[in-house]
Every structure is written in C-alpha cells, then in structure tokens.
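First comes the structure, then the notes that go with it.
First the proteins, then the strands, lettered A, B, ... as listed; each starts at 1.
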Amino acid sequence: MEKKRINKDAKIVCNVEIRPGIFLMEVLAPEIAASSFPGQFCMIRAGSIQGFDPLLRRPLSVHQVNEKKGHVKFLYRVVGRGTKALAMQAQGELVEILGPLGRGFEVGKGEIPILVGGGLGVAPLLFLAGQLKGRRAVAIVGAVTKSQLLRLEPFRKTGIEILVSTEDGSFGNRGLVTEVLDRLLSRLDKEARNDVAVFSCGPYPMLRATHHLCQSRDIRCEVSMETAMACGSGLCLGCAVKAKDGGYLHVCREGPCFRAEKLSWE
Amino acid sequence: MEKKRINKDAKIVCNVEIRPGIFLMEVLAPEIAASSFPGQFCMIRAGSIQGFDPLLRRPLSVHQVNEKKGHVKFLYRVVGRGTKALAMQAQGELVEILGPLGRGFEVGKGEIPILVGGGLGVAPLLFLAGQLKGRRAVAIVGAVTKSQLLRLEPFRKTGIEILVSTEDGSFGNRGLVTEVLDRLLSRLDKEARNDVAVFSCGPYPMLRATHHLCQSRDIRCEVSMETAMACGSGLCLGCAVKAKDGGYLHVCREGPCFRAEKLSWE
Amino acid sequence: MTKGGKKEPDIRLRLGQLSLENPVLLASGTCGYGNELFDLVDLRNLGAIVVKGISVEPRTGNPPPRIHETPCGLLNAIGLENVGIERFKTERLPWLQRHKIKTIVNILGNSVSEYEKMAACLDGLEGVHALEVNISCPNVKEGGAAFGIDPKTAAEVTTAVKRACSLPVIVKLSPNVTDICEIATAVEGAGADAVSLINTLIGMAIDIRGRRPVLGNVFGGLSGPAIRPVAVRMVWQVARTVSIPVIGIGGISTYRDAVEFLMAGASAIQVGTATLVDPGAPEKILHGLIDFMVRNNYSSLDELIIRD
Amino acid sequence: MTKGGKKEPDIRLRLGQLSLENPVLLASGTCGYGNELFDLVDLRNLGAIVVKGISVEPRTGNPPPRIHETPCGLLNAIGLENVGIERFKTERLPWLQRHKIKTIVNILGNSVSEYEKMAACLDGLEGVHALEVNISCPNVKEGGAAFGIDPKTAAEVTTAVKRACSLPVIVKLSPNVTDICEIATAVEGAGADAVSLINTLIGMAIDIRGRRPVLGNVFGGLSGPAIRPVAVRMVWQVARTVSIPVIGIGGISTYRDAVEFLMAGASAIQVGTATLVDPGAPEKILHGLIDFMVRNNYSSLDELIIRD
Ligand SMILES: Cc1cc2nc3c(=O)[nH]c(=O)nc-3n(C[C@H](O)[C@H](O)[C@H](O)COP(=O)(O)OP(=O)(O)OC[C@H]3O[C@@H](n4cnc5c(N)ncnc54)[C@H](O)[C@@H]3O)c2cc1C
Ligand SMILES: Cc1cc2nc3c(=O)[nH]c(=O)nc-3n(C[C@H](O)[C@H](O)[C@H](O)COP(=O)(O)OP(=O)(O)OC[C@H]3O[C@@H](n4cnc5c(N)ncnc54)[C@H](O)[C@@H]3O)c2cc1C
Ligand SMILES: Cc1cc2nc3c(=O)[nH]c(=O)nc-3n(C[C@H](O)[C@H](O)[C@H](O)COP(=O)(O)O)c2cc1C
Ligand SMILES: Cc1cc2nc3c(=O)[nH]c(=O)nc-3n(C[C@H](O)[C@H](O)[C@H](O)COP(=O)(O)O)c2cc1C
Ligand code: FES
Ligand code: FES
C-alpha cells in the first residue's frame with residue numbers, strides 16, 4: 001500500500017527573502033511533514049491568486065521538515081509568475097499544497113552518501129543531509145559567488161562533512177561543485193568507490209557532468225530531475241523525460257530522483 | 001481641447017477595510033487629483049496580479065481628492081476577483097490607474113443640489129458634496145442598517161445638510177433614501193422645484209425610482225450609471241445602455257453621469 | 001434525503017443505456033486509469049471516470065516538452081501515450097472493476113478498423129460501462145486529417161464502433177471545425193448514444209529564446225479555463241441540434257462553470273485540466289452543484305436547462 | 001541609430017504597396033477611430049491604426065450587455081456599431097489625415113456588393129492607406145453564414161474589393177474554420193496583398209443566476225491572452241502556406257507575445273484587447289520588441305522568422 005498524499009490549503013508560518021530573489025517558506029502541514037522523504041516534492045500555488053492565471057501549481061522540493069511542529073520548509077527562487085505570487089504571500093495566508101509526491105533519493109544501508117548541490121539544487125539535499133546525522137557522509141555545496149551560497153549554516157548543523165565551492169573562489173574551493181566532486185572521487189580507491197553513492201541536484205549540465213564523473217568510475221549516482229509539470233501526480237503524462245532504453249520516464253512518478261544510468265543523457 | 005487623461009502606476013498611500021468588505025483606498029496620483037470632477041471615475045487594477053486573470057481594470061468613482069497632497073481616494077466594495085485583488089494590496093504597492101474618465105455631474109450655477117446616495121452610491125457623492133461647501137445643498141445618504149452607513153463623518157464635514165436613512169430605522173429616518181427624497185420633494189412648491197436638481201448614485205432600482213420621483217415633478221435629475229466596461233475610454237463600445245430615443249449611449253464617454261431623461265428606463 | 005430542510009435534488013441521469021449517479025465525470029487524459037488517484041479521490045462518488053485514451057498497440061507518446069502553461073490554459077502534446085488495450089485489460093481494468101468504479105473507456109485509432117477492433121475487444125467486459133470515441137485522431141489512410149473534422153469519416157467511425165459492440169457509445173467531438181453541429185448530426189445519425197465536447201483546441205507556443213516551438217510535437221491541444229467560452233457556445237449549439245444527450249467539457253473548474261454547461265444543455269459534464277491543478281476539484285464541483293440546486297430550488301438536472 | 005552601443009534594428013516592413021515604419025499596429029474595434037486615444041498615445045509612433053469596422057450604413061450595434069470578462073479573455077458582442085462610411089469620411093477621417101496617422105480602414109458588409117461599394121468609396125481618399133476586409137460578417141444573401149468560413153465566398157469578396165480600388169488590401173481571416181490555410185490560399189489567389197489573423201473565436205457565457213446568456217446577442221467573440229496559443233498556431237500554419245505577408249493578431253499583450261508571432265512568421269502584429277486594458281500597451285510592446293532585437297542581435301524583422 002502506497003503512502004497517502006495530502007491535498008489541502010496550508011497556512012504559511014513564515015516566508016522570508018533570505019537572498020535577493022530567494023525565499024524560504026515554512027508552512028503548517030503536519031501530515032506532509034510526517035510522511036515526506038528527502039527528494040520528494042510538493043505541488044504548490046499561492047492562495048492569493050485571484051483567478052486562473054497562473055493556472056498550475058508549481059513543483060518545489062521538500063527542503064526541511066519539522067515533524068514535531070508539523071512544519072514543512074521550501075527553498076525557492078522567484079523565476080516567473082507562479083513563484084512571484086508565492087513570494088508575495090504573507091505569514092498566516094494560505095497556499096494550496098499537494099504532497100509528498102514522487103520518488104525520493106534512495107540511500108543504501110551501507111553506503112557513504114556524497115551529496116552534490118549547485119545553486120538552488122541544495123533545496124532537497126538539506127533534508128537528505130539532516131537524515132544522515134551520525135553517518136559518514138559528505139555534502140558538496142556550491143554557488144557562483146560567496147553571496148549566493150545558500151543555507152550553509154543548516155548544512156553544517158547536520159554534522160556531516162561539508163565542502164563548499166564558489167566559481168569565483170570568493171569562498172571555499174574555487175570552481176564548480178563537479179570539480180570538487182571529481183577531485184574527491186579521484187582520491188578514492190576501487191573499494192571505496194564501491195561504498196560511495198552520489199546524490200545530486202542542480203542545473204541539467206551539472207547533473208550530466210556528475211553522471212559522467214560517476215559513470216566512468218562505476219559509482220552509483222542518483223539525480224533529481226526537473227521538467228514542467230501539470231499535475232505532479234501521474235495523471236497527465238506531461239513530465240516525460242527520455243529514458244536510456246528509448247522510451248520515456250515520468251519525473252513526477254518514476255522520479256524526480258532517478259538512478260542516473262536510467263536516463264538518456266544525449 | 002479635452003482634458004488630458006493619465007495612465008500610470010500609482011503608489012498606494014493607504015488601503016483599509018472600513019466596514020466588512022468595504023475598503024477605502026488612497027493613491028498618490030497628483031495629475032488625477034488635480035483634474036478630476038465629481039462623478040468621474042478611474043479604471044484600476046491591482047499591480048500585484050501576476051498574470052492576465054482578472055484581465056480588465058475595474059471602474060471606480062473618484063471618491064475624494066486632496067489636490068495639495070496629490071492624493072485620490074476610492075471607496076469600494078469587494079465584489080469579485082478584481083476588487084478582491086485590490087483589497088489585498090498593501091500600502092506602498094502599486095495600482096495601474098487610468099483617469100479621470102467620463103462625464104461627471106453637472107451642477108447648474110443657481111441650482112440647489114440634492115444628492116441621493118444608497119449604499120456604495122455615496123462614493124462619487126462625497127466628492128460632489130465637498131465641492132458644494134458654502135452652498136445650499138442637501139445630501140440624502142442611506143443604507144440597510146446603521147452599521148452599513150458609510151462615510152457619515154466626512155459628509156458632515158462638508159457642511160452641507162445631511163439626511164440619513166436606514167431601511168430598518170436603526171439610525172436616522174426609517175426607509176429607503178428614495179422615500180426620504182419623496183417626502184423632501186413633496187414639501188417643495190412649484191418654484192422651489194425649479195431651483196433644485198437631484199444627483200443620484202446607487203443600485204439601478206434606486207436610480208429608477210429617483211428618476212420617476214423627479215420626472216413626475218419636472219425636477220432635473222442626473223444619475224450615475226454602472227455597466228461592465230472593458231476600456232473605460234471610448235475604444236470598445238462595450239458600455240452601451242439604451243437611450244430614450246432608441247439608440248445607445250456609452251457609459252464611459254457620454255456618462256457615467258447622465259441626465260436621467262436621456263435614458264430608457266423600461 | 002434533505003439538505004438544510006430542503007429536498008436533495010435528483011441528479012441522476014441516463015446516457016443511452018448507461019445510468020449515472022451524478023453528472024460529474026473525469027475527462028480522459030487527466031485522471032489516468034483511476035488508480036493514480038486512489039488516495040486522493042473516492043471515484044465512486046463521481047458520475048464516472050473516462051480513462052486515458054487507449055489504442056490497439058501501446059504508444060510511448062511524444063518527445064518532451066509535452067506541456068506548457070499559457071494564460072488560463074494548458075497546452076499538451078502527450079501524444080496519446082498509453083499502455084495499449086491488452087495491458088489495459090490485464091493491468092488497469094481489474095483495479096477499476098474491483099473498486100466498482102463506473103468506467104468509460106476512451107478509444108482512439110488511426111483507421112476505422114482500429115476503432116472497430118477496440119470496440120469489439122472491450123465489448124462485454126466486466127467493468128467497462130461505455131465507450132467514448134476520440135475522433136480527434138489522425139486518419140492515417142486519408143492523409144492524416146482527423147476523423148472528427150469530416151462528417152463522413154466521423155459517421156463511419158461511429159457506425160463501425162456501434163456495430164462492433166453493444167456498449168453505450170459516446171462520440172467525443174473536436175472543436176477544430178467550422179460547424180460542430182454538422183459533425184454532431186452525422187454521428188447521431190450513425191447511432192451514437194451521446195456526444196461529448198469539446199476536445200482541445202489546436203494551439204502552439206514558441207520559445208523566443210530558443211527560437212523554436214516549445215512543444216516537442218510543435219502543436220498541442222489547448223485546455224483549461226481559457227477555452228470555456230468556446231466550449232459553452234458549442235454545447236449550446238449542439239444541444240439545440242441533436243436529440244441525444246450532450247456531455248459538456250472544457251475549462252470546468254468550479255461548480256458555477258458546471259452549472260453554465262448544464263444550463264447550456266449538457267446532461268453531464270467532464271472535469272479535465274482542473275483535476276490536474278487540484279485533484280479535489282471534481283468533488284468540490286459536485287458538492288457545489290448540489291448546494292446550488294438546493295439553494296435555488298432545482299429538483300432535477302433537467303430543470304437547469306435553458307429552453308428557448 | 002545606435003542603442004547601448006549596438007545598432008538599432010531595422011523594423012520597417014512592407015505590406016504590398018504599403019510601407020510601415022514598424023510592425024506594431026492597433027487592431028480594429030479596440031482603438032476607435034484614433035481620436036479617442038489623442039491624449040494617451042502618439043499614434044504616429046505606431047506602425048498603423050486599423051480603425052473600427054465601417055459599414056455602408058451606420059449601425060447602432062447590439063443590445064447590452066455587450067462585453068463579459070472570461071478567464072484571461074474578453075467576450076464581446078458590440079454588433080459592429082459604427083458611424084457608417086459617410087460620417088467616417090466627414091467626421092473621423094479628417095482628424096486622422098490632419099495628424100498624419102497611417103490609417104487602415106476595416107470594412108464589413110452583408111453582401112459582396114456592399115464590400116465593393118465601400119472599397120470604391122474609400123479608394124483614393126487622402127489618409128486611407130490600406131483596407132482590411134473583415135470577412136467574419138454574415139453573408140445575408142447566403143443564409144447568414146460568415147463570408148470567411150467558405151473559401152469561395154472569401155475569394156469573391158476579395159476579388160470584388162480588389163477590383164473596386166487600387167489600395168493595398170488585407171483580408172482578415174476568421175479562426176472559426178476547420179482549415180484556415182484553405183481560406184488564406186483562396187484569398188491570396190483572389191489577389192489579397194496580405195492576410196491578418198485571427199479575428200475572435202466564437203464563444204458565449206451564461207448568467208447562472210439570471211438563467212440566460214450573459215450577452216444581449218447570446219454569442220460573442222472571444223479575444224485576449226486566452227486565445228493566443230490558437231492564434232500563434234494559425235499564423236504559423238498560414239505563414240507556411242501563402243507567400244503574401246501575414247499580420248498576426250490574438251492576445252498580444254507583451255513584447256514577448258509579439259516576438260512569438262513574428263517568429264511564427266508574421267510580418268507585423270496587431271494589438272487588440274491589450275489596448276483596452278492599458279492604452280499604453282502598444283508602445284510598450286514596440287519598445288520591448290526593439291530592446292529584444294538589440295539584446296539578441298537581430299538586425300531586421302525578417303531575421304526573427306523561424307524557417308524550417
Ligand atoms: C521536482 C521538482 C522540484 C523542484 N524544486 C524546486 C525547489 O525546491 N526550489 C526552486 O526554486 N525550484 C524548484 N523547482 C523548479 C520550480 O518548479 C520552477 O522554478 C517553477 O515551477 C517556476 O515557476 P514560475 O511560475 O515562477 O516560472 P514560469 O517561468 O512562469 O513558469 C512557467 C511554467 O514553466 C514551468 N517551469 C519553469 N521553470 C521550471 C523548472 N526549472 N522546472 C520545472 N518547471 C519549470 C512552471 O512550472 C510553469 O508551468 C523544482 C522543479 C521540479 C520539477
Ligand atoms: C462608472 C462606474 C463607477 C463605479 N464606481 C464604484 C465605486 O466607487 N465603488 C464600488 O465599489 N464600485 C463601483 N463601481 C462598480 C465596480 O466597478 C464593480 O463592483 C467592479 O467592477 C466589480 O469587479 P470585481 O472584479 O470585483 O467583480 P467580478 O464580478 O469578478 O467582475 C466581473 C466583471 O463584471 C464587471 N462588473 C461587476 N459588477 C459590476 C458593476 N456593478 N458595475 C460595473 N461592472 C461590474 C467587472 O468590471 C468585471 O468586468 C463602479 C462602476 C462603474 C461603471
Ligand atoms: C494532458 C491531457 C491529456 C488528454 N488526453 C486525452 C485523451 O487521451 N483522449 C481524449 O479524448 N481527450 C484527452 N484530453 C482532452 C480532455 O479530455 C478534455 O477534452 C480537454 O482537456 C478539455 O477539457 P478541460 O479544459 O477541462 O481540460 C486530454 C487533455 C489533457 C489536458
Ligand atoms: C471590443 C472589440 C471590437 C472589435 N471590433 C472589430 C471590428 O470592428 N472589426 C474587426 O475586424 N475586428 C474586430 N475585433 C477583433 C480584433 O480586431 C482582434 O482581431 C481580436 O480581438 C483578437 O485580438 P486581441 O486578442 O488582441 O484582442 C474586435 C475586438 C474587440 C475586443
Ligand atoms: S506532471 Fe502530470 S504525470 Fe507527471
Ligand atoms: S468601456 Fe469601452 S467604450 Fe466604454
């Protein structure tokens with residue numbers, strides 16, 4: 001029996017701009033807080049929208065949960081009208097929310113997880129990092145420049161090892177997160193490579209680079225994919241991405257977290 | 001040469017709910033404040049609307065102006081999505097505004113104006129009352145019940161005579177504003193009837209009753225009409241109402257204030 | 001049953017041989033095969049579900065991107081991805097049967113004989129209560145224009161399907177025609193038990209940065225609130241033309257929209273895009289409709305219809 | 001001219017004999033006769049204005065209500081209210097002439113001979129730069145179906161208008177047809193110098209409290225952002241079918257929308273409903289278009305077009 005998804009209007013606990021154009025929103029949704037796994041997402045729409053434009057809810061990854069309080073956090077960038085409307089919502093107002101949705105990251109029991117997040121890609125990874133407390137694990141988080149690094153403190157609090165990089169070298173390692181990953185993976189011997197698994201979220205080129213780095217070393221890699229979604233719940237078949245074997249996979253059901261080798265990276 | 005209309009984004013100075021579902025909004029629009037006449041209106045849309053639904057701006061009468069500060073006030077009821085979106089706007093946010101529009105009330109030099117406003121119909125009449133300072137004039141304002149009476153204090157401040165009525169008698173005279181008008185007009189002798197003119201705004205049945213009361217006594221009567229409007233500026237020809245002579249009149253150009261006898265009251 | 005002291009309205013209806021408990025149906029392609037909604041909607045509360053269009057062979061569908069949001073609308077070019085009739089029967093139908101969900105199977109084909117084959121294959125199956133024939137598909141033998149744009153081919157498909165099965169047959173009309181009444185009349189003449197309309201309007205969007213059509217398939221079908229005025233108009237026209245029941249579809253998102261179609265002459269309605277946005281929408285629409293009828297003293301669906 | 005160090009793109013264009021300074025036009029019925037906008041828009045900055053449709057005799061139009069807002073759209077049933085050709089010439093045209101505004105006159109008729117008469121009457125008039133022929137009007141002699149839904153009558157109107165005048169003739173196509181390319185081809189064959197599309201989609205809305213159609217005329221034309229995907233699709237198809245210039249119309253509200261139509265193959269665009277919402281929209285669209293072209297190194301309109 002699958003887990004029950006929740007479809008409701010949830011109250012906003014807080015919704016603050018933590019960087020220019022980047023918001024952290026916390027909503028009261030106890031059932032979703034209790035049943036979400038890292039890598040899963042919700043479909044969300046600002047309750048303040050008067051009318052049918054924008055029409056669709058938007059997919060956002062679950063960023064953190066507080067089961068006790070029943071809170072769920074989302075970290076999002078204002079891109080277009082849907083996220084703009086969300087950003088304009090105040091504490092106490094409502095959002096329409098459906099979730100948790102999709103297949104999250106699957107971390108094997110004995111695995112040493114390496115989390116790789118570029119930019120907003122850290123959104124689902126903080127939730128994952130939080131669940132790895134006490135385990136051996138590394139998170140590589142990066143951004144273009146120091147001021148764009150997101151949520152470093154909460155990452156540090158999880159207790160797992162954090163490697164930071166910026167493209168301009170203004171903080172941490174200079175370079176792309178994938179370059180840090182490359183160096184890290186290169187240091188591993190064959191046996192260690194069998195133990196680690198990479199979990200990655202970010203822009204498509206970053207995911208592809210991550211996949212190739214892992215593939216060439218035979219390291220298990222999961223990526224969180226993005227596509228336009230109408231329903232997020234398997235009804236419309238709109239979220240197809242090309243599969244390795246020639247057919248299609250549906251990001252909202254078979255994903256958003258996929259074993260990278262299942263996808264076509266052409 | 002006609003007066004220039006202004007089309008701009010104006011900042012909200014304040015926007016408060018003065019009665020359940022009734023808002024008083026003040027915007028900074030000096031050119032509109034300087035050039036508006038009582039009975040004219042603006043087309044307004046909440047700047048917070050992210051998208052094209054609701055699509056059209058909404059017509060709202062100019063309620064009060066403060067030429068010195070460059071402020072224009074609107075009094076509006078939340079009816080549907082357009083006014084709901086307006087109501088959700090906070091101080092400092094923007095509204096799209098086009099105005100002043102249409103033909104306002106025309107008060108003759110020697111006339112003794114009788115203003116008749118039911119419910120939200122007081123919106124354009126307060127502006128008119130304010131301009132009658134020092135003149136002999138009466139305003140009859142009414143509502144269903146005491147708690148729904150609007151803007152009594154500002155009306156009193158204009159210095160003209162104010163007659164209040166409520167349908168349930170909870171404040172002022174018991175009955176409809178048109179009943180108060182009927183009694184008032186009945187007391188006038190033939191000569192006095194030549195001197196007065198009635199200016200009315202409110203629901204259609206009220207306007208019709210006002211028209212009939214005046215017509216039977218040969219009293220000049222102007223009414224402010226409402227229709228759905230797309231442009232408010234004479235472009236679409238959508239705001240037609242039936243004219244006495246069989247053709248159509250356009251509320252946004254030949255109105256919204258009409259000599260009642262020009263309209264077909266069938 | 002009474003509601004707030006007033007009598008609960010009778011909202012049952014018949015579509016040919018098929019009787020439904022209420023007029024709110026789920027539109028094909030927006031509710032999967034039902035089981036995708038298992039935890040979100042109790043499908044037995046709705047009039048019926050029209051499952052995703054089924055073809056003789058499985059189809060993988062169009063290359064992505066497949067969907068794109070437009071003002072108050074949704075463009076989709078799913079490309080009729082479906083599991084094919086065999087897997088539908090073995091993998092999907094049993095769930096619908098087991099849960100006793102009133103199921104209408106939407107079928108599509110590229111030739112008259114494909115439609116016929118599907119109808120024969122579904123005839124008499126437990127759990128299949130009616131067929132909805134999607135005639136907006138390309139007629140491969142005749143140059144690829146859709147069956148539904150020509151009264152002759154639309155009638156041919158209808159005749160073939162009726163001949164091949166004894167199920168109630170609903171023909172789903174395409175709005176991309178000059179005269180939808182002509183098509184409706186043709187399929188009525190060919191024996192259709194009901195018509196449903198509208199399918200999506202053909203549209204497209206361009207990615208101005210990428211300098212290419214947004215959708216992998218170039219063209220897509222436009223659905224959602226944007227198309228509602230066109231759909232209401234067509235339902236109004238068709239309901240005044242044919243004598244068989246009409247099912248209204250197109251942008252229905254609230255109970256008020258549903259009432260609009262029922263007043264225009266529809267016997268039932270289908271909710272499509274609104275279910276994608278909010279899976280709770282169909283049930284809200286149903287309850288809103290009942291409340292509206294109670295509030296305004298309508299005792300049956302028939303009384304809603306505006307007759308001129 | 002340069003803009004931010006880059007060369008200002010060349011945005012002039014030709015529609016047959018008519019040359020325009022830029023591709024942003026005002027659509028018929030949404031900009032009056034120009035003078036209504038005197039204080040809000042400098043019409044000389046825009047490509048041209050297409051005035052409200054003119055008929056032989058004045059028309060009072062349809063009974064109210066005439067307009068109704070729908071999701072991202074506007075239904076209108078103005079009923080072609082206009083001052084008639086004589087008063088247009090004496091009362092309206094002089095203002096347009098005096099202000100040197102490039103004027104395209106939209107004409108409509110109920111018979112081929114009415115169209116012909118209008119064309120003859122406008123031929124050679126100072127200030128009339130082209131005609132736009134609205135063929136979405138009912139052909140009274142042939143049972144009231146619109147001229148624009150039949151290639152034969154569409155061509156007949158075009159031929160008659162071309163014969164009667166030496167002005168550039170733009171034929172404005174109705175989208176309420178199965179195959180708009182067929183109509184476009186017919187009017188091209190009949191000598192049209194350009195086609196413009198789309199006119200409004202036929203729609204309707206019902207007042208569920210009043211239990212009657214909202215519009216006095218029952219049916220109305222749907223315009224605005226809601227219809228844009230349908231319009232872009234039709235422009236794309238027609239631009240790939242005919243060799244004469246295509247003018248894109250339908251829901252254009254931002255420069256991005258305009259770019260979409262120009263990439264789809266339009267030589268120019270018209271702004272309709274957006275002008276009603278914000279009379280400043282056409283100028284914003286024009287400036288946004290120029291900025292877009294500068295930013296992306298397009299040096300002419302032609303370079304925008306996607307050629308497959
Ligand atoms: C599973 C999943 C999880 C996501 N998690 C996050 C997150 O935690 N934080 C975050 O900031 N963003 C996340 N995104 C991306 C986010 O959904 C988009 O940025 C958002 O939908 C943009 O909507 P908009 O209205 O602001 O932009 P618009 O450009 O107006 O959107 C127009 C349409 O395109 C779609 N769209 C635009 N960009 C994207 C995109 N990158 N991915 C998918 N659809 C898109 C929208 O959903 C909408 O349908 C996630 C996407 C997916 C698929
Ligand atoms: C000249 C004029 C002056 C007005 N002045 C005021 C005022 O000062 N204060 C105030 O509260 N209201 C005023 N109204 C009415 C106000 O415009 C409507 O209440 C408002 O448009 C409703 O919009 P909505 O989106 O909230 O409602 P919706 O029901 O969502 O509107 C749907 C459509 O119907 C139109 N509509 C709905 N009700 C009316 C109406 N009564 N009159 C005209 N169009 C309507 C809307 O403009 C919109 O196009 C005035 C109307 C006119 C014509
Ligand atoms: C994603 C999607 C998939 C669809 N698939 C089908 C289909 O397989 N068969 C069919 O007849 N109609 C299909 N339709 C059309 C809908 O059933 C419906 O006719 C149309 O969307 C209009 O209704 P709406 O505006 O409520 O969505 C599909 C629509 C959408 C949005
Ligand atoms: C109020 C209104 C009146 C119109 N009148 C005419 C007309 O007289 N002649 C005509 O050819 N088109 C007329 N149209 C159609 C528009 O010119 C245009 O083709 C259509 O509205 C689609 O463009 P839009 O979505 O930008 O408005 C009218 C449209 C509206 C909204
Ligand atoms: S988004 Fe609808 S099936 Fe995935
Ligand atoms: S509202 Fe457009 S002309 Fe009056």
If you compare all heavy atoms of [X] against all heavy atoms of [Y], which two are closest, and at what distance to 0.1 Å?
X: D/E36; Y: B/R5; result: O-NH2, 2.5 Å
X: B/G238; Y: D/R66; result: O-CB, 3.6 Å
X: D/L40; Y: B/L98; result: CD2-CD1, 3.8 Å
X: B/Y248; Y: D/G61; result: CE1-O, 3.6 Å
X: B/A240; Y: D/P64; result: O-CB, 3.2 Å

With a 4.5 angstrom heavy-atom cut-off, which part of [X] approaches chain B: side chain, backbone, both or neither?
X: D/P225; result: side chain
X: D/T60; result: both
X: D/T254; result: side chain

Using a cut-off of under 4.5 Å on heavy-atom pairs, state which of B/C236, B/S233, B/G232, B/C239 scores highest against chain D. B/C236
Please examine the side chains of D/D278 and B/R57, heavy atoms only from C-beta on, and report whether any two atoms are closer than 4.5 Å. yes
Would you say the side chain of B/F52 lies within less than 4.5 Å of the side chain of D/P71, judging by non-hydrogen atoms? no
Determine yes or no for a side-chain-to-main-chain donor-acceptor pair under 3.5 angstrom, with D/E69 supplying the side chain and B/P54 the backbone. no
Can you tell me if [atom1] on [X] sees more than 12 non-hydrogen neighbours from other groups inside 6.0 Å?
X: B/K8; atom1: NZ; value: yes
X: D/Q97; atom1: CD; value: yes
X: B/R77; atom1: CZ; value: no

Atom [atom1] of [X] and atom [atom2] of [Y]: how far apart are they, to the nearest 0.5 Å?
X: D/L80; Y: B/L237; atom1: CG; atom2: CG; value: 10.5 Å
X: D/T70; Y: B/L56; atom1: OG1; atom2: CG; value: 9.0 Å
X: D/I67; Y: B/C231; atom1: CD1; atom2: SG; value: 7.5 Å
X: D/E283; Y: B/N7; atom1: CD; atom2: CG; value: 10.0 Å
X: B/L55; Y: D/L74; atom1: CG; atom2: CG; value: 7.0 Å

